[in-house]
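Working notes, beginning with the structure itself.
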2 protein chains.
Amino acid sequence: MTDKLGEALHKLIHSYKGKMKQTAIESGIIVPFAHIRALKCIQHIEDCSATDISKRLGLDKSQVARIIKDLLNDHYIEKKQSPNNHRSQLLNLTEAGIEIMDRVQQVDKITRKKMSETLTTEQIENFISTAETMLKNLNKPTTQD
Amino acid sequence: MTDKLGEALHKLIHSYKGKMKQTAIESGIIVPFAHIRALKCIQHIEDCSATDISKRLGLDKSQVARIIKDLLNDHYIEKKQSPNNHRSQLLNLTEAGIEIMDRVQQVDKITRKKMSETLTTEQIENFISTAETMLKNLNKPTTQD
DNA sequence: AGTTTTTGGTTGACTAAGTCAACCGAGAAT
DNA sequence: ATTCTCGGTTGACTTAGTCAACCAAAAACT
């Protein structure tokens with residue numbers, strides 16, 4: 001039974017992403033998934049930096065740099081220089097960014113609702129906490145590493 | 001709490017894939033993830049077809065066609081024509097395919113073990129069954145679809 | 001002070017994954 | 001016999017993710 005873990009996971013995110021994307025498009029959001037994840041970071045962290053995003057999402061810094069470039073081009077975020085530190089940049093949502101995140105939140109909610117239709121809150125919470133435990137286990141360095 | 005679902009999932013497969021890849025490389029397996037998933041299909045389904053893989057893994061048929069091409073090139077699988085139906089192909093593992101799948105199974109086991117170190121079998125099984133339920137919910141067409 | 005190291009970020013070049021549409025030839029249906 | 005469907009292939013493209021080289025600002029180190 002437990003050998004289905006990998007496949008179950010893989011198929012789940014595939015469908016999850018698909019549903020998110022579909023719902024997003026229906027709401028007129030044309031931004032890629034990873035960009036939305038980054039936007040969420042910037043939303044939650046005041047004066048967010050590229051490194052913050054990279055660490056929080058576990059993405060390569062090059063990937064983050066490119067995402068930020070896109071988001072700046074699309075005017076969803078703005079960059080200001082830190083007064084005390086000249087190399088790190090402070091990212092914040094623009095008006096347009098705040099507006100799109102409102103809609104993203106809706107999309108999130110719809111998808112989550114659909115996905116957990118037949119499940120209890122307890123089941124979902126167990127699921128999430130198991131997921132977080134597995135994540136921790138995976139990232140924990142092994143003795144022979 | 002349940003709003004972490006998306007992030008938790010995303011990070012989990014990210015790390016899961018990463019660990020799988022790393023362990024695979026350590027075992028001398030240089031085949032991409034999706035190819036391994038396809039190989040598993042071919043292993044489990046006697047006289048597997050491209051459509052079988054596509055349906056089972058939820059992949060686009062073009063993607064499957066390309067994966068099969070690669071696997072044929074690498075001589076992990078072989079194709080024979082069906083005697084009664086001339087357009088569908090029957091795929092099976094070669095000797096090399098069987099051999100690599102042995103090692104893949106090891107990699108799978110190691111990764112799974114690491115990932116579920118601190119968890120009980122019951123927790124894992126609940127996790128999987130919740131994942132499968134969510135998958136079903138996502139793929140269930142909505143009334144207003 | 002001056003030099004090395006670290007840090008935050010950018011770019012190039014690439015692999016892997018996934019999507020969409022057009023297409024082909026073989027069967028089945030009409 | 002012609003149309004329709006089916007299994008598969010290809011082209012062209014977007015999104016993800018990785019790795020290494022690089023640059024300039026800023027700490028750290030004698």
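Throughout, protein chains are lettered first and strands after them, A, B, ... in sequence-line order, and every chain is numbered starting at 1. A quick note: this is a predicted structure, and the numbers were derived from the prediction, not measured.
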Task: Interface residues of residues 45-73 of chain A with DNA chain C (non-hydrogen, below 4.0 angstrom) - done: A/S49, A/A50, A/T51, A/K61, A/S62, A/A65, A/R66, A/K69
Open item on the list: If I take atom OH in residue B/Y16 and atom P in nucleotide D/dG17, what distance separates them, rounded to the nearest angstrom?
Closed with: 16 Å
Open item on the list: Below the 4.0 Å mark, does C/dT19 have OP1 or OP2 next to a side-chain nitrogen or oxygen of A/H14?
Closed with: yes
Task: Cationic N near anionic O, under 4.0 Å, A/D3 to B/K109 - done: no
Open item on the list: How bent is the helix from C/dA1-D/dT30 to C/dA26-D/dT5, measuring the angle between the end axes built from five pairs each, rounded to 10°?
Closed with: 20°
- [ ] Measure from NZ or CZ of A/K21 to the centre of the six-membered ring of A/F33, then state whether that distance is under 6.0 Å and the direction lies within 45° of the axis.
- [x] no
Open item on the list: Under a 4.0 Å threshold between the charged nitrogen and the carboxylate oxygen, would A/E117 count as salt-bridged to A/K113?
Closed with: no
Open item on the list: In whole Å, I'd like the distance from the CD1 atom of A/I13 to the P atom of D/dT15.
Closed with: 17 Å
Task: Electrostatic pair B/E132:A/K11 at N-O distance under 4.0 angstrom - done: no
Task: Gap between atoms CZ and P, on B/R37 and C/dA16 respectively (whole Å) - done: 15 Å
Open item on the list: Taking A/H75's backbone N and O only, do any of them form a donor-acceptor pair with A/T94's side chain (distance below 3.5 Å, no angle check)?
Closed with: yes
Task: Nearest-nucleotide comparison on DNA chain C, the residue closer to the 5′ end among A/S88 and A/G18 - done: A/S88
Open item on the list: In whole Å, I'd like the distance from the NE2 atom of A/H35 to the P atom of D/dA16.
Closed with: 7 Å
TODO: Using a 4.5 Å cut-off on heavy atoms from C-beta on, say whether the side chain of B/I100 contacts that of B/V31.
DONE: yes
- [ ] Using a heavy-atom cut-off of under 4.0 Å over every strand shown, decide if A/K79 touches base, sugar-phosphate, or nothing.
- [x] sugar-phosphate
Task: Distance in angstrom units between A/K17 NZ and C/dA16 C1', rounded - done: 12 Å
Open item on the list: Can you tell whether the side chains of B/K40 and A/E7 come within less than 4.0 Å, N to carboxylate O?
Closed with: no
- [ ] Specify the separation, in whole Å, of atom CZ of A/F33 and atom P of C/dG18.
- [x] 13 Å
TODO: Quickly work out the B/L90 CG to D/dG7 P distance and round it to whole Å.
DONE: 13 Å
TODO: Determine whether the side chains of A/S49 and A/D52 contain a donor N or O and an acceptor N or O closer than 3.5 Å.
DONE: yes
Open item on the list: Whole angstroms only, please: what is the CD-C1' distance between A/Q89 and D/dA26?
Closed with: 16 Å
Open item on the list: I want to know whether A/Y16 and B/H10 have ring centres closer than 6.0 Å.
Closed with: no
